[in-house]
Amino acid sequence: FLFGIVVTLLCPRAVMAQEKAAEKLGQVDFPVSCTAAAQKQFDQALGALHSFWYEEALRVFTGVAETDPSCAMAYWGIAMSIYYPLWVPPSQPTLQKGINAIEKAKSIGAKTDREGAYISAIEVFYKDSDKLEHRARTLGYEKAMEQIHRQYPNDREAAIFYALALNATASPTDKTYAQQRKAGEILEKVFAEQPDHPGVAHYIIHSYDNPSTANRGLRAAQRYIKIAPSVPHAQHMPSHIFTRLGLWQESIQSNLGAVAASKEYAAKVHPEAAYYEQLHALDYLAYAYLQGAQDQEAKRVLDELRAIKKVQPEAFQAAYAYPAIPARYALERRRWSEAAALTVQPT
């Protein structure tokens, strides 16, 4: 049963054009005022973006701009690809790249009011970054996406991006998860219409990634793992729900898929290093094995971690795995002397 669309890479700058002719990223439909060839690339880039495959999204959106230099929305995509709403705030150089992309989009000019609204919305996040704190700008972007959602109620992408913005601004101290529940309710309506959309399934998982509502994310988790098999994060993310529900074998399969996808991607773009998603998946994999007392398999995960000397890009998720996996391996087995002897990894 084939989920997703197979899209030919058209980007002239594609590093992997010959080796990797197609990606399975899910089904997205975001009409923009660009050429037919650019539209095809745009939907591919958006599919990658919705799975937080930011490197690929940035690469392909850049290709959209090359295919159709008059496509202002290509630069919207570039700005969106360097804003990680659920991860760490961007650095000042990254913010400047976003500002440059928005300025380019504005200089080309949006072809429709709707496209102009999307460009203006992400501009809210980048604008005055030297004066306003990160949270103030994320709240501003959330309000801008809410306005687009209200103005274009039939635009499903507006609903999806608004739901993601709600998750990004949710208070970490609110244990009723009111904002995440609101996001989930918006997404569930779209999920009924577009069950193969990568962003819908993905963001439902994020909306319900907590102890009290994890069961509501199970169907999306089971679906997402099939929607975007090419994407390491898409293979891993369902295990957030599987882990919370104690579905250890499902978590194992999810993370084995993420490790395999990460290795395939690293071989193409980072042959000298491991892709950071591999380490994040290994952490969850070790935990799942240990819950089923599969200690030998967990030890193999630990050995694989220790063999990794370089990671690209350097990210918190990868750094976390270095101390977490050895600690889990010792503590879950109640090997207190091993735990006491753990040392900080210089890496």
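Source: prediction; values computed, not measured.
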Step by step, would you call R156 with E193 a side-chain contact (heavy atoms from CB on, under 4.5 Å)?
CA-CA 10 Å; R156 298 297 179 254; E193 300 173 354; 2.6 Å; yes

Can you classify the ring geometry of F161 versus W76 as parallel (below 30°), tilted (30 to 60°) or perpendicular (above 60°)?
perpendicular

A cation-pi test, strictly: NZ or CZ of R333 under 6.0 Å from the centre of the six-membered ring of Y329 and no more than 45 degrees from its axis. Yes or no?
yes

Between the side chains of E304 and Q278, does any donor sit under 3.5 Å from an acceptor?
yes

Going through the distances and angles, do S91 and T94 end up as a side-chain hydrogen bond (donor to acceptor under 3.5 Å, both in side chains)?
CA-CA 5 Å; S91 65; T94 300; 3.0 Å; yes

With a 4.5 Å cut-off on side-chain heavy atoms, are T62 and E66 touching?
yes

What I want to check is whether the side chains of Q179 and T169 have a donor and an acceptor closer together than 3.5 Å.
yes

Nearest 0.5 Å please: distance from the CZ atom of F30 over to the CD atom of E157.
6.0 Å

Looking only at side chains, do T67 and Q41 share a donor and an acceptor under 3.5 Å apart?
yes

Roughly how far apart are I204 CD1 and L218 CG, rounded to 0.5 Å?
11.5 Å

Could you tell me whether the side chains of K182 and Y162 share a donor-acceptor contact shorter than 3.5 Å?
yes

Do Y322 and I308 have side chains that approach each other closer than 4.5 Å (heavy atoms only, starting at C-beta)?
yes

To the nearest 0.5 angstrom, please state how far the OG atom of S239 sits from the CG atom of N255.
3.5 Å

Angle between ring planes, H206 versus H202, binned at 30° and 60°: parallel, tilted or perpendicular?
tilted

Tell me yes or no: between the side chains of Y224 and S51, is some donor less than 3.5 Å from an acceptor?
yes

Could you go through the ring-ring contact (aromatic ring centres under 6.0 Å, His included) check for Y276 and H280 one step at a time?
CA-CA 7 Å; Y276 77 101; H280 190 46; 8.1 Å; no

With the threshold set at 4.0 Å, does a side-chain nitrogen-carboxylate oxygen contact exist between R328 and D283?
yes

Pairwise distance CZ(F125) to CD1(I82) - rounded to 0.5 angstrom
9.0 Å

With under 30° as parallel and over 60° as perpendicular, where do the rings of H236 and H240 fit, or are they tilted in between?
perpendicular

How would you list, by chain and number, every residue that makes a salt bridge (charged side-chain N to carboxylate O under 4.0 Å, His left out) with E55, sequence neighbours excluded?
none

May I have the step-by-step check of side-chain hydrogen bond (donor to acceptor under 3.5 Å, both in side chains) for Q180 and T213, ending in yes or no?
CA-CA 10 Å; Q180 292 95 324; T213 61; over 6 Å; no

The complete set of ring-ring contact (aromatic ring centres under 6.0 Å, His included) pairs with one or both residues in residues 172-194, sequence neighbours excluded, reads none

From D43 CG over to H50 NE2, what is the distance, rounded to the nearest 0.5 angstrom?
9.5 Å

For the residue pair W87 and Y54, does the interplanar ring angle fall in the parallel (under 30°), tilted (30 to 60°) or perpendicular (over 60°) class?
perpendicular

Assess whether salt bridge (Lys or Arg N to Asp or Glu O under 4.0 Å) is satisfied between R150 and E146, documenting all intermediate values.
CA-CA 6 Å; R150 292 181 184 277; E146 180 182 19; 3.0 Å; yes

Starting from the C-alpha separation in whole Å, work towards a yes-or-no answer on salt bridge (Lys or Arg N to Asp or Glu O under 4.0 Å) for D128 and R137.
CA-CA 9 Å; D128 295 329; R137 291 180 286 108; over 6 Å; no

Determine whether E332 and Q291 make a side-chain contact, defined as any pair of heavy atoms from C-beta on separated by less than 4.5 Å.
yes

Under 3.5 Å, is there a donor-acceptor pair linking the side chains of Q235 and S254?
no

Should K299 and D303 count as an ion pair when the cut-off is N to O under 4.0 Å?
yes

